[in-house]
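The structure's right below; bear with me while I get my questions together.
Note that the numbering runs from 1 along the sequence shown for the chain.
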Amino acid sequence: MGERGCDPNVVTCSAIIDKLCKDKLAVEALGFFSQMRNKGISPNVVTYTSLIHGLCNLGKQNQGLTLLKEMMGHNISPNIFTFNILIDSLCKEGMISKARIMIKTMIQKGVEPDVVTYSSLIDGYCMCSQIDEARKVFDLMGRNAIADVFSYNILINGYCQSKRIDEAMKLFDEMPQKGLVPDSITYTTLIKGLWEVGRPQTALEFLKNMCSHGQPLNRITLSTLLHGLCKQGDLDEALAIFEAMEKSKLKPNCVTYNILIDGLCQVGKLNDAKQLFSRLFEKGLGTDVYTYSIFIKGLCKDGLLDEAYKVFRGMEDGGCLPDSCCYNVIIQGFLNHEDVPKALQLIDEMVDKGFSADATTTKLLIHLCRHNDLILRELRNRSKGSKGVM
């Protein structure tokens, strides 16, 4: 610092700390922070806020809170951004009580909570399934006339997650009365919620409503629609929409393919699923572990174990390494078809890679052990060493 004849100041140092934090190098940022103070450069609210943000992004909320106390101890007043960063981070981690204490602290310091503050708290309550508490905060915002589309979307999503769809729709109807225009997130959230409570016709009406009100269709909305159609078993309609997407500017992405491959596998349309799986590579979209897992599961469900095993072994060539979920899926396939030797071989391999059997795999193993003493003895022999199956 300052080795090239250029004396850094707090602005320069704060910019460097901010860049390090944005690159998720919070440890290095803290080291630089110590250096600047050793050089006699006093940090300001921007410096502290950048550091707190960096720490919170890495899940180190307690360190962020320590820095907040430190800055206040040095008579550096946190601003609305400092408080909102901490409150949002605490809420996302389910630390609602700490977030509420933080709101009290900011009010004591003369910083008035804004729409971001309250929206974070609403989101936190929704994530903790405390939807009625979220509504109380929302109503407080309404009395202060600061609720916006973002806060409405959060509560609508909370109601949809809680399967309280009628209350979500009431909020939607209320928005125009407050001078707010529902956006694509509002519509997509409600469309998804309606599908999940078994009201497909109303979901399709909302889709038409969205288009008629000038909200452009996007990939997320269409993927939500595809998921609903697949869940309902209406694969012909889902495929028609998928093909229409292929011809439009909204080209399907990996998520879209995954939804449709899963839907096709669920109803036993393996040939169509195979074609889509191959098309992913042809389009250069690549695949992820989830794509492989759902495709392997579909093949196993249809009794195509050799083909499933071949796809599983080809994952690395496709740029993916099997994870715990993928191993469990194929092991369950072999166990369901009572190919125990292959399942045990894969269990050994899975454990060697540091993965473990999930609840379904364990249940299948217990069931087979009860009906086959040879399997039980084999498992005992395999678990005599340091490693175990479960």
Side-chain angles (χ1 to χ4, degrees), residues 9-22 24 26-27 29-128 130 133-152 154-155:
N9 57 26
V10 66
V11 176
T12 312
C13 291
S14 296
I16 292 169
I17 285 170
D18 187 56
K19 180 68 172 67
L20 288 168
C21 288
K22 284 176 179 173
K24 298 184 178 180
V27 174
L30 284 167
F32 189 84
F33 180 69
S34 295
Q35 286 181 43
M36 69 176 276
R37 290 200 297 185
N38 290 338
K39 293 282 184 181
I41 302 168
S42 299
N44 61 15
V45 63
V46 176
T47 322
Y48 274 105
T49 301
S50 294
L51 268 175
I52 289 169
H53 198 186
L55 289 166
C56 287
N57 282 339
L58 294 175
K60 297 180 178 181
Q61 287 80 14
N62 287 331
Q63 280 183 258
L65 289 169
T66 301
L67 276 179
L68 181 75
K69 289 177 184 175
E70 180 185 300
M71 70 184 288
M72 290 193 292
H74 290 302
N75 293 318
I76 299 170
S77 299
N79 59 24
I80 187 69
F81 300 106
T82 320
F83 281 115
N84 280 348
I85 286 164
L86 273 165
I87 289 164
D88 185 59
S89 186
L90 290 167
C91 288
K92 280 182 168 58
E93 292 298 318
M95 302 178 190
I96 305 296
S97 57
K98 285 187 177 182
R100 290 193 70 96
I101 292 168
M102 190 61 53
I103 291 173
K104 287 179 183 176
T105 303
M106 70 188 288
I107 293 169
Q108 288 167 3
K109 294 291 179 182
V111 181
E112 194 66 29
D114 63 4
V115 64
V116 177
T117 320
Y118 287 120
S119 294
S120 294
L121 191 57
I122 291 168
D123 196 29
Y125 276 127
C126 289
M127 288 171 69
C128 294
Q130 296 182 47
E133 291 299 319
R135 183 61 195 242
K136 289 176 187 175
V137 178
F138 181 83
D139 289 342
L140 175 63
M141 292 177 74
R143 288 195 292 274
N144 293 331
I146 59 171
D148 61 4
V149 173
F150 181 67
S151 46
Y152 267 90
I154 291 171
L155 190 56

Has the side chain of Asp88 got a donor or acceptor atom that lies under 3.5 Å from a matching backbone atom of Asn84? no
With distance as the sole test, does Ser89 use its side chain to make a donor-acceptor pair with the main-chain N or O of Leu86 at under 3.5 Å?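 Answer holds: no.
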Roughly how far, to the nearest 0.5 Å, is CD of Gln63 from CG of Leu30?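 Between atom CG of Leu30 and atom CD of Gln63 there are 6.5 Å.
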Determine the minimum heavy-atom distance between Leu58 and Ala26, stating which atoms define it.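 Reported closest heavy-atom pair: CD1-CB, 3.4 Å.
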Could you work out, with side chain to side chain donor-acceptor pair (under 3.5 Å) as the rule, every residue matching Thr105, not counting sequence neighbours? none
Phe138 and Tyr118 aromatic centres sub-6.0 Å: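 Centroid distance Phe138-Tyr118: not below 6.0 Å, so no.
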Nearest-0.5 Å distance, CD1 of residue Ile52 to CZ of residue Phe81: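 It comes to 14.0 Å.
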How long is the span from the CG atom in Leu140 to the CD1 atom in Ile146, to the nearest 0.5 Å?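 Between Leu140 CG and Ile146 CD1, I get 7.0 Å after rounding to 0.5 Å.
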Step by step, work out the side chain to side chain contact (heavy atoms under 4.5 Å, CB included) result for Lys136 and Glu133. CA-CA 5 Å; Lys136 289 176 187 175; Glu133 291 299 319; 3.1 Å; yes
Test side chain to side chain contact (heavy atoms under 4.5 Å, CB included) applied to Leu68 and Met102, step by step: CA-CA 10 Å; Leu68 181 75; Met102 190 61 53; 3.5 Å; yes
Would you mind reporting whether Leu20 and Val27 have side-chain heavy atoms less than 4.5 Å apart? no
Atom pair NE2/OG of His53 and Ser50 - distance to nearest 0.5 Å: 9.0 Å
Separation between CD1 (Ile154) and OG (Ser120), nearest 0.5 Å, reads 7.0 Å
Out of curiosity, Lys109 NZ to Met72 CE, how far, rounded to the nearest 0.5 Å? 5.5 Å
If I compare all heavy atoms of Cys56 with all of Gln61, which pair ends up nearest, and what's the gap? O-NE2, 3.6 Å
Walk me through it: do Ser151 and Asp148 pass the test side chain to side chain donor-acceptor pair (under 3.5 Å)? CA-CA 5 Å; Ser151 46; Asp148 61 4; 3.0 Å; yes
Walk me through whether Ile87 and Cys91 qualify under side chain to side chain contact (heavy atoms under 4.5 Å, CB included). CA-CA 6 Å; Ile87 289 164; Cys91 288; 4.2 Å; yes
Which atom of Ser14 lies closest to which atom of Thr47, heavy atoms considered: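 The answer is OG-OG1, 2.6 Å.
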Side chain to side chain contact (heavy atoms under 4.5 Å, CB included) between Met106 and Ile80: does it pass, once the steps are laid out? CA-CA 8 Å; Met106 70 188 288; Ile80 187 69; 3.4 Å; yes
Hey, is Asp139 close enough to Arg143 for a salt bridge, meaning N to O under 4.0 Å?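 Salt bridge flag = no for Arg143 with Asp139.
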Return the minimal non-hydrogen interatomic distance between Ile96 and Leu121, and the atom names on each side. CG2-CD1, 4.2 Å
May I ask you to check whether over 12 heavy atoms, not counting those of Arg135, lie within 6.0 Å of atom CZ? yes
